[in-house]
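Below you'll find the structure, written out as structure tokens, and then a few comments.
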Amino acid sequence: MTEVLGGMKRTDMCGAFSLQDVGREVTLMGWVNRRRNLGSLIFADLRDRTGIVQVVFNEELDRDIFLQAEELRNEYVIAASGTVAKRSPDAVNDKLPTGQIEIKVDRLKILSAADTPPFLVDDNSKVSESIRLKYRYLDLRRPSLQRNLIIRHKIAKVVRDFLNDNGFLEIETPMLVKSTPGGARDYLVPSRVQPGKFFALPQSPQIFKQLLMISGFDKYYQIARCFRDEDLRSDRQPEFTQIDIEMSFVDIDDVLSINEKLIADIFRKIMGIELSLPLKRMSYDEAMNRYGSDKPDVRFGLELTELSDVLKDSSFNAFKEAAESGGCIKAINAKGCAGFARKEIDGLAETAKSYGAKGLLWITYTGEGEIKSSLLKYLTDDELKGILSSVSAQPGDLILIAAGKFDTTCEAMGHVRLDLGNKLNLIDQDRYELLWIVDFPLLEWSEEENKYVAKHHPFTAPKDEDIPLLDTDPSKVRAKAYDIVLNGTELGGGSIRIHTQEMQKKIFDVLGFSDEYAKNMFGFFLEAFRYGVPPHGGIAYGFDRMVMLFTDSDIKDVIAFPKTQNASCLMSGAPSEVDSNQLRELHIKMDN
RNA sequence: GGCCCGGUAGUUCAGUUGGUUUAGAACGCUAGCCUGUCACGCUAGAGGUCAAGGGUUCGAACCCCUUUCGGGUCGCCA
């Protein structure tokens with residue numbers, strides 16, 4: 001190895017120099033970030049993952065080294081020895097942390113030459129994402145991506161340290177697992193030794209971590225890779241990472257308490273921000289009613305107002321139907337937006353419609369105190385007054401209204417609210433608002449399947465006081481489930497799990513799983529329930545999403561080797577066709 | 001699966017109604033000059049399958065169709 005390195009040994013990293021180092025003899029290794037040739041004076045910026053430092057070659061002082069330095073090009077990997085020198089005051093570079101000093105080189109070895117890279121390794125150079133992904137190893141040299149992955153590592157370390165210190169055990173669970181129903185589409189792996197049978201890659205370690213509780217491991221965590229074969233989004237990758245946690249002998253408060261301490265620890269150590277605990281809790285119902293979302297961004301107001309009471313006798317069909325069918329009528333008072341152009345209101349209506357609202361109605365209360373609305377002819381004076389007072393309307397306000405099914409209407413208006421918040425610049429980007437959302441419904445009616453499906457997953461325990469409702473009105477049953485929400489993004493979620501065979505069977509029953517089906521799919525799990533199950537519960541965080549929030553980045557910028565929207569890797573070319581022999585061994589025939 | 005946007009030097013882009021365009025600019029690259037640069041500067045130069053295929057036309061980077069790739073979004077993501 002010393003041969004390759006020319007007998008040189010690295011003494012320092014590039015980013016850590018200050019005036020205190022002046023006079024030291026150092027040896028650095030790294031990449032040539034840029035070179036500036038002034039004729040008989042050459043400057044080069046040397047880069048490693050800690051930063052950049054300027055190295056100098058002076059023809060007058062050492063002609064041999066200077067001639068070598070003339071060969072240097074961008075992205076050459078070099079070793080350079082020399083003296084740390086203070087720069088003269090007029091040569092200081094304030095933009096560089098190491099700008100007070102430079103390295104006067106007396107020994108240089110080119111460790112590896114480099115072709116001209118397809119793009120400049122620099123945070124300022126604009127390069128399309130596909131080129132960056134094709135040459136990901138170059139892209140990853142950029143300081144911003146290095147920073148993101150370093151922060152990712154630091155968060156993971158804080159998480160591990162915290163959980164280790166609190167008695168949690170890190171245990172791995174299998175990647176080749178049984179395909180079970182529900183949830184996302186599975187990535188499948190064919191079994192060679194058992195023709196026609198398949199493994200699935202885990203969507204989460206859910207069942208295994210519950211089995212670990214049954215095994216007595218009590219407190220478990222894992223930073224676990226998960227796979228879901230669904231279409232990608234700007235915040236969604238087909239393989240992603242969860243911080244997965246499970247505990248025994250706990251109820252909701254125990255889980256929330258330790259987890260908000262974990263989150264507070266991350267905020268303290270990564271952001272230098274002290275959270276005040278305990279975090280606020282808000283019921284699902286309240287979040288939907290006030291913010292139109294189960295992950296509300298509470299950094300700004302513009303809350304939703306319910307108008308059913310005011311409009312229950314309205315002659316306007318949409319209102320009447322919504323009120324009679326148990327739906328809702330939601331209004332937002334866009335303070336001071338009476339002057340919105342028709343086009344701006346149409347834009348908001350588009351938002352509402354794209355999330356399933358039938359339409360968006362509006363009432364303008366002009367600065368002159370005039371009421372303008374296409375609704376006027378359908379509203380009695382009392383109804384109009386009722387609306388205006390419900391939303392505390394003042395001259396200059398714009399009132400937006402939607403009516404229909406509860407979930408759809410709330411969510412549509414929730415998105416209108418977010419649009420308005422962005423448009424009106426109401427969101428303080430420096431604020432961090434964390435809260436727990438609790439009391440989720442256990443079940444959701446699926447129009448498609450014409451039956452109830454689990455809102456969280458089928459192992460979630462119902463709230464004790466709601467258990468009788470399972471037989472009478474399942475849709476009203478609330479779950480011992482919770483999500484943690486940061487600035488309108490779901491960071492993680494979990495639940496207290498069912499821990500008795502009877503309740504698990506009952507839930508499967510409500511979900512319409514036949515005994516045979518349940519046995520076939522979850523038989524091993526149900527059987528485990530016969531042998532002594534501690535009450536348990538846990539949570540899983542979307543780790544990538546967490547890093548996105550802490551680094552203010554897109555998901556592709558917090559994953560070393562991400563995939564495109566087509567779920568392909570532009571660098572390696574995966575997925576790719578395979579040799580026919582491989583397919584034959586796996587007993588797979590292509591149908592084309 | 002639906003809808004929307006895009007693909008032109010290595011990179012980021014411009015390119016008029018379809019006609020003096022030999023398809024340009026900037027950065028990068030190469031060479032020369034240059035002792036205080038740090039986005040060095042100056043001079044010169046090289047560099048193009050206009051994503052692919054088909055069509056319309058006297059004539060296509062430009063219009064139409066198909067395919068493909070990338071991005072966004074709805075559905076989907078218990």
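In the text below, chain A, chain B and the rest are named by the order of the sequence lines, each starting its count at 1.
As judged by a 4.0 angstrom heavy-atom cut-off over every strand, A/Glu59 is placed among residues making no nucleic acid contact. As judged by a 4.0 angstrom heavy-atom cut-off over every strand, A/Ser125 is placed among residues making no nucleic acid contact. No contact: A/Val453 has no heavy atom under 4.0 Å from any strand. Contact annotation for A/Arg132: no contact, since no heavy-atom pair falls under 4.0 Å across all strands. Across all strands, A/Pro117 comes closer than 4.0 Å to no nucleic acid atom at all (heavy-atom distances). Counting any heavy atom pair closer than 4.0 Å across all strands shown, A/Ser40 reaches a base atom. Using a 4.0 Å heavy-atom criterion, one finds that A/Thr460 contacts no nucleic acid atom at all. Within the 4.0 angstrom heavy-atom criterion, base atoms lie near A/Ala91. As judged by a 4.0 angstrom heavy-atom cut-off over every strand, A/Asn124 is placed among residues making no nucleic acid contact. In this structure, A/Ser88 reaches neither bases nor backbone, as no heavy-atom distance under 4.0 Å exists between it and the strands shown. Within the nucleic acid shown, A/Ile131 comes within 4.0 Å of sugar-phosphate atoms alone, with no base atom in reach, counting heavy atoms only. Across all strands, A/Lys556 comes closer than 4.0 Å only to sugar-phosphate atoms, never to a base (heavy-atom distances). Looking at heavy-atom distances under 4.0 Å, A/Lys104 makes contact with a base. Contacts of A/Val53 with the nucleic acid, taken as non-hydrogen atoms under 4.0 Å apart, are absent.
Contact between the side-chain N/O atoms of A/Arg73 and the OP1/OP2 oxygens of B/U30 is found at a separation under 4.0 Å. Distances shown here put a side-chain N or O of A/Arg233 below 4.0 Å from the OP1 or OP2 atom of B/C74. Between A/Lys95 and B/A39 there is a side-chain N or O to OP1 or OP2 distance below 4.0 Å. Residue A/Asn37 places no side-chain N or O under 4.0 Å from the OP1 or OP2 atom of B/C40.
The base of B/G28 does not come close enough to the side chain of A/Asn74 for any donor and acceptor atom to sit less than 3.5 Å apart. Applying the 3.5 Å distance criterion, the base of B/C38 shares a donor-acceptor pair with the side chain of A/Arg87. A donor N or O paired with an acceptor N or O is not found under 3.5 Å between the base of B/C38 and the side-chain atoms of A/Arg34. With hydrogens and angles ignored, a donor-acceptor pair closer than 3.5 Å exists between the side chain of A/Glu102 and the base of B/G36.
Put simply, CG on A/Leu72 is 16 Å from C1' on B/C38, counting in whole angstrom units. As rounded to whole Å, 11 Å separates atom C1' of B/G2 from atom CG of A/Asp231. In this structure, the CD1 atom of A/Ile507 is 13 Å from the C1' atom of B/A78, given to the nearest Å. Here the P atom of nucleotide B/C34 and the CD atom of A/Glu70 are 11 Å apart, to the nearest Å.
Counting only distance, with no hydrogens or angles, the side chain of A/Asn566 and the backbone of A/Ser568 share no donor-acceptor pair below 3.5 Å.
Classification of the A/Phe227-A/Tyr187 ring pair by plane angle, with boundaries at 30° and 60°, yields perpendicular. Between A/Phe119 and A/Tyr135, the angle of the ring planes goes over 60°, which puts this pair in the perpendicular group of the 30/60° scheme. Between A/Trp445 and A/Tyr452, the two ring planes are perpendicular [angle over 60°; tilted spans 30° to 60°].
The side chain of A/Arg236 has B/C77 as its nearest neighbour among B/G36, B/C77, B/G70. Residue A/Asn93 places its side chain closer to B/C38 than to any other of B/C38, B/U37, B/G75. Side-chain proximity of A/Pro118 to B/A78, B/G36, B/G10: nearest is B/G10. Of the listed nucleotides (B/G72, B/U35, B/U37), B/U37 has the atom at the smallest distance from the side chain of A/Arg36.
By the criterion of a centre-to-centre distance under 5.5 Å and near-parallel planes under 30°, the ring of A/Phe119 forms no stack with the base of B/U11.
Each of A/Gln504, A/Gln210, A/Glu246 was checked for a side-chain hydrogen bond (donor to acceptor under 3.5 Å, both in side chains) with A/Arg497, and the lone residue meeting it is A/Glu246.
Mapping A/Gly99 and A/Val127 onto RNA chain B via the closest heavy atom, the residue that lands nearer the 5' end is A/Val127. Sequence order on RNA chain B of the closest nucleotides to A/Glu230 and A/Thr116 puts A/Thr116 first from the 5' end.
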>> For a salt bridge (Lys or Arg N to Asp or Glu O under 4.0 Å) check, start with the C-alpha distance between A/Arg24 and A/Asp12, then their side-chain angles and the critical distance, and finish with the verdict.
In response: CA-CA 11 Å; A/Arg24 285 179 53 215; A/Asp12 290 85; 2.8 Å; yes
